[in-house]
Structures are given as C-alpha cells and as structure tokens.
K.L.:
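Got a structure here, written out as structure tokens. Questions coming.
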Amino acid sequence: MRRAGWWAALAMLCGCGLIEAPPAPRCVAVAGEATPPVEQVCARLTALDCRLPDCAQAYASYATRVSAAEFNRLTSCYTHATSCAEVGQCELACGADGGMVTVNPPTDAATDVGSDVGSDASSDASGDVGSDAGSDDASD
Amino acid sequence: MGRRASELLWAVGTGLCGLLAAGEARADPEVPGERITVFRVGADLGISRIAGESWWQLNATGILRVGPVRVDFAAPLRFGMGDFRFREEDYAQGRDALRVLRCARIDLGDYRHPEDRHDPNCDAYESSEGLHERVYGSVRLSPLRDVSLGHQTLVTGFNNSLDPNTPQIGAQAEGILRDFGQFQMFLDDVSAPRLVAGNVSIRPLQLLGENWDETPDDLRITAGVVSDLAAPLRVHGAFGQPVRNGEGAVQMATTRLTALTADVHYLYLWYSCVEAGSSACEATRGVGLFGFADYNRFVEVDDGDGLHAGLRFRYLLRQRFRRYNGQALEGNGVMLPTWEVDAGGEYRNVGNRYLPGYFDANYGVQSQSFALNRQARDDLGVDALTTTKLEYMLSQPGGRQSGFQAYFRVYFPVPTAAGEPPTRMPLTLWAEDSAGPLRTSVGASVGPFRLDQVALSAQIVRRNFDGWGNLFTLDGTQIRAVGSIYLSSQASRRQSDSFLNNLQVNLAYNRRFVRDDGGDVRSTDDFLVTLGSTVGVN
C-alpha cells in the first residue's frame with residue numbers, strides 16, 4: 001500500500017480496488033477431538049459442495065502420508081468448516097505451528113496401505129485410523 | 001449407441017460417395033479473388049488421440065461465403081478404435097455446439113484475397129498494396145491460437161482452447177485506418193467472456209501530414225487494456241486436490257484483474273537501392289534500429305507494474321512486384337518485403353508482483369494452477385495444485401527486480417508463382433529471465449504461414465522455471481502445431497475444381513496440460529491426422 005496514491009485513485013475510479021492476498025488461512029479444528037472417520041469427513045465435504053472424485057481414497061492416502069497429529073487436525077478442520085473456502089484453508093493452516101500440513105510423497109507401498117486403511121476406516125469409523133496409518137507408514 | 005453410430009457413419013459415408021460422384025464440378029474460369037459467393041461441402045476422415053485415447057474421426061466440413069462474410073465449419077464425430085463407441089463427451093453440453101465452428105469472419109477491405117479454402121489459422125488477410133493504401137477491418141470468431149498484443153510484453157502467444165472437451169470460440173477484431181492508426185481487440189470466449197483485451201495505436205507523424213512513403217521512420221503510440229473479469233484467486237482444495245461442485249466445476253474464488261498498458265516505438269531504417277531498374281529501383285535494403293518502451297500496470301495489484309525497454313536491430317529487403325494473385329498491378333507495381341531479420345534485447349524493471357507476458361500461452365491452465373513443471377511444484381509443495389497464478393503473484397514480497405529478454409525473428413520468403421510476391425514465413429525465438437524465482441521462460445513460434453499448398457502455425461513454450469540448465473526438457477512445455485497440406489496446386493484447382501484436386505491432409509499436434517479427475521495437472525500428447533476434400537462452387 002505504500003504507493004497507493006495515484007494508482008489507488010485510478011483503481012477506485014474504475015471500480016477495481018487493490019486485490020489483497022487471500023486472508024491468512026484458519027484451521028477451524030477442535031482440539032482434543034478424535035479423528036473423524038472417513039464417512040463423516042466425506043459427507044461434510046459433499047454437504048459443502050466440495051466434492052472429490054474419490055474422497056475415501058483421498059482420505060486413506062493422506063492418512064498414510066501425514067503425521068497422526070496433523071491428520072487429526074486436518075480432518076477435524078474439514079468437519080467444522082462452514083464453506084468450501086474454509087475447507088481450502090485447512091491444509092494451509094493445520095500443520096505444525098499453524099502452517100501448511102506436511103505431506104510425504106506417495107509410495108507404491110503407501111498407496112496400497114492407503115487403500116486398505118481407507119476400507120478399514122470406512123468400516124471401523126475409528127478415531128485411531130490416522131495415527132495407526134501414520135505409524136505404519138513411518139515404520140515402513 | 002453402436003447402432004446410432006453405425007447409422008451416422010453410413011449417412012456420412014453415403015454423403016462422401018455422393019461428393020465423389022459429383023467430383024467433377026465445373027472448372028472455375030474466374031480469378032478466385034473476384035467471387036462474391038462460395039459454397040463448399042466435404043468431409044475429412046482420419047484418426048485422433050485425446051488424453052491418451054485413440055479415436056476414428058470423421059468431420060463434416062463446409063465453407064460458405066456471402067460477400068465479406070465467410071463461415072468455415074467442421075462437425076467432428078469421433079468413434080472408439082476398439083468398440084466403435086461414439087464419443088459423447090463431444091456433444092454432452094449445449095456449448096459443445098461451438099466446436100462445429102472453425103472460423104467465422106467478416107472482412108472489410110481486401111477480403112477477396114486469398115482463395116477461399118480451409119486454412120486452420122483463421123488470421124487476418126495480408127494486404128497486396130501495403131498498409132497505408134487501405135482501410136481494413138476484420139472480425140473473426142474461432143478458437144484462439146498464439147494471439148499477441150503490441151510488443152508482446154503483457155499478452156504473448158495467448159491460447160484459449162486448451163481443453164478439447166470444453167470448446168471455446170474466441171473473437172478477434174483488427175482495424176487499420178490507412179497509415180494513421182489501427183486497433184486490435186480480442187475476447188477469449190464468446191459464450192462466456194472472461195478475458196477481454198484491446199489497444200489503439202496512432203502514428204503522430206502521419207497525422208501531422210507526413211507521407212509514410214517518403215519517410216524512413218515509423219513512430220507509433222499505443223494504449224490498451226486487458227482484463228480478466230473472473231481471474232481465479234484461490235482454488236479450494238481438500239486432501240491436496242481441488243474440490244468440485246455438483247456440476248464438476250473446480251471450486252474457486254475469483255476476482256477482476258485489469259492491466260492498463262501504454263507503449264511507444266520508433267523505427268528508423270536507412271534504405272539503399274540494391275537493384276536499379278529502368279524506371280524505378282527494383283529492390284531496396286533497409287538497415288535500422290527499432291526501439292520501444294512499454295509500461296504495463298495491474299491496477300488492482302500493488303507492485304504489479306513493469307517497464308520494458310527494448311532495442312532491436314532490423315534488416316529488411318524489399319522487392320518490386322508487378323503481379324499479385326494472378327493479376328497485373330498498375331504502374332510500377334508495389335514494393336513488398338521479402339527477407340527480414342529482427343534481433344535484439346530488452347531490459348525490464350518490474351515490480352515483484354508483476355510477471356512479464358502474464359496472459360500467455362499457458363494462461364488458460366496457469367490461471368487456475370500456476371505450477372506446471374517440477375520446479376514450481378517443489379517450490380509450492382502441498383499447495384501446488386491449488387495455487388493460482390494470481391495467488392502466486394500476490395504471494396511475492398513487495399519491491400522491484402530487473403530482468404531481460406533476448407529476441408530473434410526472421411521472415412523467410414517462400415516463392416509462390418513467377419513474378420508474384422513470396423509468402424513470408426516468420427520464425428520467432430525468445431528467452432527471458434529476471435531475479436525472482438520461477439521467472440525463466442523460453443518460446444518459439446513458426447507462422448502463421450499460408451502458401452499455395454501449405455498452411456502452418458506452430459508454437460512451443462516453456463515458462464516459469466528456474467535456471468538455464470533446465471532449458472531442454474519437456475517438463476512443463478506446451479507445444480501446439482496445426483497445418484494443412486493440399487495435394488494439388490492452386491493452378492490445378494482452378495483448372496478443374498474436382499474432388500481429387502481439393503484433397504487435403506490436416507494435421508494437428510498438441511502437447512497440452514490437462515487437469516485429471518483427481519485434480520492433478522499433467523501433460524498429454526494429442527494429435528489429429530485426417531484426409532478430406534470438398535466440392536462446391538467458388
């Protein structure tokens with residue numbers, strides 16, 4: 001904004017105010033909450049019209065590639081988001097220290113495990129899926 | 001579906017046989033440039049490959065002209081190689097009807113040249129008499145390929161239709177008022193306009209009464225505007241993938257992004273006669289300098305401006321021609337350029353939130369997903385698939401940086417008929433860099449170029465990477481090429497306007513970017529090869 005003078009006036013004149021960078025992302029996760037199961041997360045995303053082609057697979061894949069703590073915050077954030085825009089902020093703000101979530105690159109093993117975990121998660125609806133999967137992935 | 005496809009093929013096949021039977025249409029005794037109405041129909045048959053899948057392709061084609069209005073169309077029908085399944089994606093939505101239009105145009109001025117035949121370029125017609133002798137206007141609707149404005153510092157090589165599943169018909173308009181000035185405009189999509197751009201130029205020296213014929217210099221001042229009415233600001237994502245709404249559209253926040261441009265250039269050529277004739281010089285050589293300065297400013301972005309100052313050496317050969325399109329020209333004919341070479345460099349002082357050539361060949365994809373190569377993906381990490389170009393630009397720290405561009409263009413004169421002006425084929429190469437990250441880009445283009453039996457246009461660009469060591473890799477490279485080859489010469493077609501004399505091979509290759517169902521943006525190699533012909537009355 002330091003040189004806002006002439007150009008800002010022109011921008012106002014043409015009705016095009018300065019574009020601000022998107023606001024700092026917020027992680028709306030609830031601390032201490034168990035990791036939401038895949039059905040709950042995917043149902044919430046669908047309800048917000050934020051659809052993924054294969055939500056269960058995406059959930060399972062991330063469960064193997066993201067640390068348990070971050071996966072917990074991320075999925076909690078998804079379930080408490082109230083709009084697609086908020087959903088989009090979760091990944092940017094639910095990492096360590098409020099930063100981006102750290103996602104490890106997929107491996108063949110991780111993909112296979114991910115598929116399995118997705119199925120388990122679907123059936124068990126367990127809050128421990130994320131941490132289990134994360135541990136498995138780490139040990140691999 | 002199979003029965004429907006078979007019936008469709010049978011109908012088109014019957015039509016094709018009908019065309020063959022009617023193959024010996026009357027020879028056209030007129031000079032092609034004199035016709036007022038044209039009606040031609042035909043078909044192309046061949047194969048295409050789209051996003052890894054191969055198809056039989058049949059096009060029902062046609063050309064219709066009434067005076068200055070001309071419409072070229074081609075309705076593509078694609079069938080699976082193995083199962084002969086009709087590709088329903090081609091006509092699944094209402095807007096898919098647009099894919100039938102190849103080129104619709106209204107030309108005021110020299111619209112009677114060249115001959116009406118399929119030309120994939122759909123570009124403005126060249127003048128036979130030089131810029132200053134005419135008033136020319138052209139409005140064209142077609143898929144946009146390699147569109148640039150001014151000195152190409154803001155809009156460079158823009159394409160609109162990168163996704164064959166979402167056909168876009170853009171609009172272009174150009175006008176020339178003798179040697180006083182000109183304008184250029186374009187719109188990316190006539191059915192859902194998003195990107196609009198235009199500029200107006202004047203030549204002050206000619207407005208003050210100077211005759212361009214008698215001066216070796218050219219001063220031009222241009223002002224313009226480019227606006228993306230719905231520039232993606234943030235693509236919403238979950239689990240590292242973009243999310244979509246119920247209709248399958250990627251969910252994103254958009255905003256208006258407008259750039260104002262002003263530029264000036266000055267060209268001075270020292271001419272000398274290199275071939276004296278009996279009544280006039282037959283060939284001249286011009287050597288000179290072309291200098292320009294552009295200032296572009298994104299109105300809504302702080303530190304979103306760029307100053308470009310360039311200097312190019314120019315070498316130009318001009319030759320006198322006394323025939324054009326089979327007709328003798330009056331008097332001493334006309335001097336037209338043949339060989340031309342431009343080579344030079346450009347210095348840039350740009351705000352950190354300004355990217356030179358912002359509206360470029362990749363804009364259709366990069367506006368939603370900036371990272372198209374491995375380096376950019378690594379830089380953006382988990383956010384790579386959802387970071388838009390505007391968002392990336394806004395994320396840069398304030399301040400300024402310097403950069404440069406090296407530029408080289410040569411026009412090759414390709415002989416046509418004896419005594420007639422050659423067709424000039426432009427080849428352009430450029431490379432640019434600046435201090436910031438992901439600011440190295442390179443590009444090359446050939447054409448658009450139209451010859452008796454060949455029409456060609458090609459473009460290759462690799463943008464927004466780091467380091468010259470990564471120059472020669474296909475990672476993040478877009479390549480577009482389109483061409484048509486007639487198997488008979490224009491003279492043969494004039495003597496006998498038959499099916500066989502209008503046989504034409506159409507070729508296209510697209511190495512483009514596609515966002516797959518999972519949200520990933522990857523490269524795909526598409527191509528098209530068809531053989532076809534038309535019959536009708538010119």
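Chain letters run A, B, ... following the sequence lines, proteins first and then strands; every chain starts at 1.
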K.L.:
Sort by residue number and list every residue of residues 94-102 of chain A having at least one heavy atom under 4.5 Å from chain B.
P.N.:
A:Met100, A:Val101
K.L.:
In terms of side-chain heavy atoms, does B:Thr261 have a donor or acceptor partner in B:Asn296 at a distance below 3.5 Å?
P.N.:
no
K.L.:
Quick check for you: among A:Glu91, A:Glu86, A:Gln89, A:Arg51, which has the greatest number of heavy-atom pairs under 4.5 Å with chain B?
P.N.:
A:Arg51
K.L.:
Assess whether a salt bridge exists between B:Lys389 and B:Asp228, defined as any Lys/Arg side-chain N lying under 4.0 Å from an Asp/Glu carboxylate O.
P.N.:
no
K.L.:
Determine whether more than 12 heavy atoms belonging to other residues, nucleotides or ligands lie under 6.0 Å from atom CZ of A:Arg26.
P.N.:
no
K.L.:
Check each atom of A:Val87 against the heavy atoms of chain B and say whether the ones under 4.5 Å are side chain, backbone, both or neither.
P.N.:
both
K.L.:
Of all of B:Gly248, B:Ala238, B:Gly246, which one pairs up most often with chain A through heavy atoms under 4.5 Å apart?
P.N.:
B:Ala238
K.L.:
Chain A heavy atoms under 4.5 Å from B:Gln251: which part of the residue, side chain, backbone, both or neither?
P.N.:
side chain
K.L.:
Please classify the contact between A:Cys50 and chain B as side chain, backbone, both or neither, with a heavy-atom cut-off of under 4.5 Å.
P.N.:
both
K.L.:
Quick one: does A:Tyr62's side chain have a donor or acceptor within less than 3.5 Å of a partner on B:Gly240's backbone?
P.N.:
yes
K.L.:
Quickly, which of B:Tyr363, B:Tyr358, B:Tyr392 forms a ring pair (Phe, Tyr, Trp, His ring centres under 6.0 Å) with B:Phe370? Name it, please.
P.N.:
B:Tyr392
K.L.:
Taking salt bridge (Lys or Arg N to Asp or Glu O under 4.0 Å) as the test, write out the residues that go with B:Arg512, two or more places apart.
P.N.:
B:Asp526
K.L.:
Against chain A, label B:Ala253 side chain, backbone, both or neither, depending on which of its atoms sit under 4.5 Å from a heavy atom there.
P.N.:
neither
K.L.:
Before accepting this row, confirm whether a basic side-chain N of the pair B:Asp294/B:Arg348 lies closer than 4.0 Å to the acidic partner's carboxylate O.
P.N.:
no
K.L.:
Applying side chain to side chain donor-acceptor pair (under 3.5 Å), name anything that partners B:Asp475, two or more places apart in sequence or on another chain.
P.N.:
none
K.L.:
Could you list the residues that satisfy salt bridge (Lys or Arg N to Asp or Glu O under 4.0 Å) with B:Asp379, not counting sequence neighbours?
P.N.:
none
K.L.:
Examine whether an atom of B:Thr386 lies under 4.5 Å from a heavy atom of chain A, and if so say whether it belongs to the side chain, the backbone or both; otherwise answer neither.
P.N.:
neither
